[in-house]
Trainee: 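Pasting in a structure now, in structure tokens, and then I'll have a few things to ask.
Indexing begins at 1, ligand by ligand and atom by atom, following the structure's order.
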Amino acid sequence: MNIYKAENELNKTKPIIDVQGLVKNYNTHQAVKGISFQVKRGSLFAFLGTNGAGKSTTIEILCTLLEKTSGTIKINGISLGTRKNNELIRKSIGIVFQQSLLDEKLSVKENILHRGRLYGFTKQELIENWHFVKQALHLEEIEHQQYETLSGGQKRRVDIARAIIHKPDILFLDEPTTGLDPQTRLFVWDTIKQLQKELNMTIFLTTHYMEEAAVADEIVIMKEGKIIAAGTPHSLKEHHASDQLSITFLEETIGRHLLLEKGLSFTMKNGIFTINVPSTLEALQLLKEWEPSIHAFEVIKGSMDDVFIRLNKEEIGDEQLIEFSHSAQ
Ligand code: ADP
């Protein structure tokens with residue numbers, strides 16, 4: 001293997017984004033308080049947090065739109081911070097912010113070609129790239145339509161097309177589905193997942209919708225400028241959300257007795273006992289033990305909503321910072 005090839009292979013295994021000790025002060029206010037995380041190449045990475053957590057500040061710094069106060073950031077192996085490096089980084093990223101950057105009066109195709117020209121492509125390259133985004137985002141039917149006449153979901157697709165006209169390695173999306181109706185959200189979301197899978201694009205997004213974050217490969221949750229949890233949706237749910245076990249016993253009195261015997265707190269409505277259990281495994285153990293007395297049961301897995309609500313309720317001190325995934329550290 002020649003050196004160039006070997007380096008390329010090595011780059012593929014390195015995190016595509018590496019943030020260490022990032023701090024951002026706005027005058028006396030510290031909006032980002034020394035956060036560290038990594039993003040794997042080709043992954044779907046979700047950045048969560050309530051308003052004011054520091055998500056936009058972080059994403060704007062990563063996109064070279066805002067200067068950091070301190071800390072180190074590498075994107076695609078390039079250290080962010082110098083003019084030359086920032087320019088290189090900008091070439092390898094695409095950004096979709098909540099406000100569209102497109103011209104309302106131009107058609108979809110005109111808008112995209114206009115944006116593409118800013119990258120200095122040859123005519124041939126520009127046409128090739130237009131065909132690439134047209135296909136990737138299913139723009140065939142709307143290519144000659146004025147941007148202002150499109151539906152919310154169609155506009156989002158065109159915004160994404162604009163952001164990937166230069167075939168970036170990373171696509172940053174700031175709340176890409178906010179304000180869209182549920183069906184359109186699903187459609188835009190499918191498009192995003194398709195870009196990740198088919199083009200191996202790394203997707204970095206912020207979202208308020210927990211069910212969207214639940215399909216991410218990795219999640220980082222921020223609160224008041226700090227990372228309060230990180231990991232896969234599965235590990236976060238295991239650690240921060242309890243399952244709900246609902247049981248109907250053959251006889252109500254037996255059920256009550258079994259639960260009290262274990263000292264478990266429960267609620268009971270219409271003969272159905274509901275208990276919070278820390279994990280699915282514990283639910284399984286209880287079910288096995290009580291099997292002869294059970295008429296019916298249901299286990300409802302803890303959701304990302306539960307994780308988010310629980311983490312945001314807790315008071316977070318430095319000593320409580322939790323990171324469950326080594327890959328996200
Ligand atoms: P999020 O995107 O998670 O809602 P932001 O990054 O927008 O959070 O904001 C983080 C904190 O920084 C908030 O307290 C916000 O008020 C503050 N902040 C954001 N932008 C500025 C700014 N330009 N000047 C001063 N404070 C700011």
Trainee: Around atom CZ of Phe266, are there more than 12 heavy atoms from other residues, nucleotides or ligands closer than 6.0 Å?
Mentor: yes
Trainee: Looking only at protein heavy atoms, which one is nearest to atom 10 (C) of ligand 1, and what is the separation?
Mentor: Gly52 O, 3.4 Å
Trainee: Number the atoms of ligand 1 from 1 as they appear, then name those within less than 4.0 Å of a heavy atom of Asn51, with their elements.
Mentor: 4 (O)
Trainee: Salt bridge check, Arg162 against Asp159: does any charged N sit closer than 4.0 Å to a carboxylate O?
Mentor: no
Trainee: Does the residue Gly49 have a heavy-atom contact with ligand 1, meaning some pair of atoms that are separated by less than 4.0 Å?
Mentor: no
Trainee: Should the pair Lys301-Glu238 be classified as a salt bridge under the 4.0 Å nitrogen-to-oxygen rule?
Mentor: yes
Trainee: Measure across Cys63 and Arg90 and return the closest heavy-atom pair with its distance rounded to 0.1 Å.
Mentor: O-CG, 4.4 Å
Trainee: Does some non-hydrogen atom of Thr50 fall short of 4.0 Å from ligand 1?
Mentor: yes
Trainee: Which one holds for His29 and ligand 1: side chain close, backbone close, both close, or neither close, with close meaning a heavy atom under 4.0 Å?
Mentor: side chain
Trainee: Does any N or O of ligand 1 fall below 3.5 Å from an N or O anywhere on Ala31, backbone included?
Mentor: no
Trainee: Among protein heavy atoms, which lies nearest atom 9 (O) of ligand 1, and at what distance?
Mentor: Thr57 OG1, 3.9 Å
Trainee: If we ignore angles and hydrogens, is there a donor and acceptor under 3.5 Å between the side chains of Glu212 and Thr177?
Mentor: yes
Trainee: Which residue and non-hydrogen atom of the protein lie closest to atom 19 (C) of ligand 1, and at what distance in Å?
Mentor: Tyr26 CE1, 3.4 Å
Trainee: Mark up the atoms of ligand 1 that fall under 4.0 Å of a heavy atom belonging to Lys55, in ascending order.
Mentor: 1 (P), 2 (O), 3 (O), 4 (O), 6 (O), 8 (O)
Trainee: Does the side chain of Asp243 pick up a donor-acceptor pair with the side chain of Thr280 at under 3.5 Å?
Mentor: yes
Trainee: Determine, counting only non-hydrogen atoms of the protein, whether one lies under 4.0 angstrom from atom 15 (C) of ligand 1.
Mentor: no
Trainee: Starting from atom 7 (O) of ligand 1, what is the nearest protein heavy atom, named by residue and atom, and what distance separates them?
Mentor: Ser56 CB, 3.8 Å
Trainee: Note the single closest protein heavy atom to atom 8 (O) of ligand 1, along with its residue, its atom name and the distance in Å.
Mentor: Gly54 N, 3.1 Å
Trainee: So that I can tick it off, tell me whether Lys134 and Glu140 are bridged by a salt bridge, with the cut-off set at under 4.0 angstrom between side-chain N and carboxylate O.
Mentor: no
Trainee: Go through ligand 1 atom by atom and flag the ones less than 4.0 Å from a non-hydrogen atom of Ala53.
Mentor: 1 (P), 3 (O), 8 (O)
Trainee: Do you know which two heavy atoms are closest between His166 and Ile93, and how far apart they sit?
Mentor: NE2-O, 2.7 Å
Trainee: Closest approach of Lys68 and Lys24, non-hydrogen atoms and distance?
Mentor: CA-CD, 4.4 Å
